[in-house]
Amino acid sequence: MLNVPPQAFPAPSSQQRAAAGGRAKVPLKPGRSLMDWIRLTKSGKDMTGLKGRLIEVTEDELAKHNKKEDCWICIRGFVYNVTPYMEYHPGGEDELMKAAGTDGTDLFDQVHRWVNYESMLKECLVGRMAVKPIAAPKGMLPEKKVLSGASKDLTPSYDWFQTDSLITIVIYTKQKDMNAELVILDHEDKRLRGEIIVDDYSYLLEVDLDHAVEEDMAVNIAEKVGKVEIILKKKDNVHWKILGQPLESHNTFMKRTDRGLFYRKCKLVLKTEVTHDTKLFCLLLPESTHLRVPTGQHVYLKQIIAGTEVVKPYTPVLPFLPLDFKEPSCHDSAHIYLMIKIYSCGLFTQALDHLQIGDCISVSNPEGSFKKSQVQTSEDLFLLAAGTGFTPMVKLLNFALTEVSCLRTVKLIFFNRTEDDILWRNQLEQLALKDQRFEIQFILSQPKKDWVGKQGMISSSLLSEFVKRSRKDSKVLICICGPTPFTEQGVQYLKDLGYSQEEVHPFTA
Ligand code: FAD
Ligand code: NAP
């Protein structure tokens, strides 16, 4: 609801929407970008009308402020006067008005839970709700969720023991198919945070360790029995009386979506050009972090821009497209590779492009709804990508061609404006030569005169031409990613062509 949601990207009046026939071009008021908003909030203007005073807001009072010219919204127990933000909200005033005078927490969480509204709207803070809020404030101690019945039995537990030099923490996840992607560990100074993903839930171990440990650690996972061992090296050869002091969320098991995003600082170690406007960024995870971004998931990057925390999602790729799919490739787990288009007026990507090698940036835990099992039983896989919508397809291609034995065809239909915009064209063409199951189709919307390939925009006729089952009743999965209207139109065309909801996976935030 607030900030610049990628759902609204490209911005309605950006050049990216201006091209094609029949597509709406909604004029935005000039001077209403996120940067303009940040400037306004720093101008010293009284944004709440309360001259900096914070008040307790009753439900009755909140309900009175339900008009465009006087609009208050409650998010996680805090009330904001969003009236001055109305024109800056990229999702539009109507979207914001849906929560006018009410508790908008659920609506906010549905649309973009990850947006750092506390930072974006801090000058608009009116105060707290006088009554007990429905949801706990983000970042504060969430109510411990007491799970009932069967789900309670799924709650992981932990134990620990020590030798002279090592501390071993054992987490019993009670999950049979535990793997490295489901274990996220960080420790900094003496603070240890271990998150275990169990379906849509997360178990958290969070302690201030009794004594200091070395930066590096080992993680052993007994996949079949669901046991996770974290081995820490003691800095000093002392006997620990306790593992450490439990922190706020220690030993809690709750819905993943109820946890705030956790960030660690990663170092930029390499930046290379992919095309005229797109770069590959290589980030080094700290030695004290254990994190693997699963196929089809994204992370959030966070930077302070003009004094405001700004967060945007990006989908990690591989350093290159592996061409030999005989063996599952052994991925380098210390680095995260991001393929990012730098927009000339883009707030976040401009700041990103100004990072120097050696600079650090905050990277969140992974998120996303894609599950590998969706592709594991497919015979035909179609990947519809537009521009950087190619990024989730990179790991997906690698996974599909390496590990899914029942796949007969994998086809990437890649929409770009011009030949110069095609990401990793050579690699894709080489892959198509190397692996008979893989086929690539480039489609350009604004080709130069000498382009002899396919031209056009996503349409029902293009999709019916290129998306075809290899056999009458073969099991198909179609993944789609690009600008939101591209993805939405694609999903609709596929539905009209008779593909079921289970057969289509749109990538969104
Ligand atoms: P913005 O400041 O949002 O602007 C982008 C462009 O729009 C600029 O050209 C700007 O001029 C124009 N613009 C902005 N505001 C206005 C306005 N009000 N009026 C007119 N024009 C305007 N991107 C990648 O490159 N790689 C990825 O791997 C990737 N993964 C993603 C994963 C997910 C799940 C999602 C949802 C998005 C992903 N994105 C990815 C997009 C990314 O999150 C950002 O949206 C993108 O980098 C642009 O950010 P920005 O702040 O630089 O641009
Ligand atoms: P782009 O270069 O602007 O566009 C790529 C192709 O898509 C062009 O042919 C373009 O045609 C077409 N296109 C653009 N807007 C369209 C629309 N509204 N309807 C139909 N076709 C459209 O793309 P980009 O700048 O790389 O942007 C990539 C997008 O993918 C971003 O919005 C990003 O947020 C999103 N993305 C999402 C995820 C995710 O997981 N959700 C991951 C990565 C990227 P014309 O420009 O000629 O019209």
Side-chain angles (χ1 to χ4, degrees), residues 3-37 87-90 112 114 274-275 277-281 293 296-301 303 305 310-317 336-353 366-370 384-396 414-418 420-423 442-447 455-459 462 479-490 493 505-509:
N3 200 348
V4 177
Q7 284 91 335
F9 179 82
S13 67
S14 109
Q15 284 305 307
Q16 296 166 75
R17 288 195 186 206
R23 281 184 292 145
K25 185 182 174 191
V26 184
L28 277 182
K29 283 191 186 166
R32 294 294 181 269
S33 70
L34 177 55
M35 195 61 220
D36 295 314
W37 169 251
E87 292 189 342
Y88 295 81
H89 183 233
H112 30 239
W114 49 273
V274 177
T275 65
D277 61 3
T278 302
K279 293 184 180 169
L280 189 68
F281 292 79
V293 183
Q297 296 202 10
H298 51 269
V299 293
Y300 296 97
L301 299 188
Q303 302 183 87
I305 302 176
V310 183
V311 175
K312 292 269 163 121
Y314 294 95
T315 313
V317 295
I336 291 184
Y337 292 88
L338 297 165
M339 192 187 271
I340 298 181
K341 182 183 274 198
I342 312 296
Y343 294 94
S344 55
C345 306
L347 180 70
F348 200 87
T349 51
Q350 281 299 319
L352 206 56
D353 200 28
E367 284 208 343
S369 60
F370 184 80
L384 312 181
T388 56
F390 171 59
T391 52
M393 311 308 179
V394 172
K395 284 194 182 184
L396 192 46
F414 198 0
F415 295 81
N416 284 282
R417 285 194 197 153
T418 70
D420 295 341
D421 296 316
I422 303 175
L423 303 164
F442 298 117
I443 302 180
L444 300 183
S445 54
Q446 302 174 35
Q455 177 173 355
M457 309 291 301
I458 192 162
S459 66
L462 265 182
C479 296
I480 177 160
C481 188
T484 305
F486 167 92
T487 305
E488 285 172 358
Q489 286 168 35
Y493 293 139
H505 179 87
F507 285 97
T508 51

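Please read these numbers as outputs of a predicted model, since none were measured by experiment. In each ligand, atom 1 is the first atom listed, and ligand 1 is the first ligand listed.
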Please confirm whether L338 comes under 4.0 Å of ligand 1, counting heavy atoms of the residue only. no
Suppose we screen for salt bridge (charged side-chain N to carboxylate O under 4.0 Å, His left out). Which residues come up paired with D353, at least two apart in sequence or across chains? K271, K279
Answer yes or no for M339: is there a heavy-atom contact with ligand 1 below 4.0 Å? yes
Of all the atoms in ligand 2, which lie at a distance below 4.0 Å from a heavy atom belonging to T391? 42 (C), 43 (C)
One finds that the ligand 1 atoms under 4.0 Å from a non-hydrogen atom of H298 are 34 (C)
Contacting atoms of ligand 2, where contact means under 4.0 angstrom from a heavy atom of G387: 5 (C), 23 (O), 26 (O)
Enumerate the atoms of ligand 2 whose separation from the nearest heavy atom of Y343 is less than 4.0 angstrom. 24 (P), 25 (O), 26 (O), 27 (O)
Does at least one non-hydrogen atom of V317 fall below 4.0 angstrom from an atom of ligand 1? no
Any residue meeting ring pair (Phe, Tyr, Trp, His ring centres under 6.0 Å) with F507, in chain and number order, not counting sequence neighbours: F370, H505
Of the backbone atoms (N, CA, C, O) and the side-chain heavy atoms from C-beta on, which set of D421 has a member under 4.0 Å from an atom of ligand 2: side chain, backbone, both, or neither? neither
Is it the side chain, the backbone, both or neither of C481 that has a heavy atom closer than 4.0 Å to ligand 2? side chain
Would you say the side chain of M457 lies within less than 4.5 Å of the side chain of F415, judging by non-hydrogen atoms? no
Numbering the atoms of ligand 2 from 1, which are under 4.0 Å from a heavy atom of R417? 3 (O), 8 (C), 9 (O), 46 (O), 47 (O)
Enumerated ligand 2 atoms positioned under 4.0 Å from heavy atoms of S445: 8 (C), 9 (O), 10 (C), 11 (O), 45 (P), 47 (O)
Atoms in ligand 2 with a heavy atom of Q446 nearer than 4.0 Å: 45 (P), 46 (O), 47 (O)
Heavy-atom contacts with T315 under 4.0 Å: which atoms of ligand 2 show up? List them by number with element. 40 (O), 42 (C)
Note: ligand 2 atoms sitting under 4.0 Å from heavy atoms of F415 are 5 (C), 6 (C)
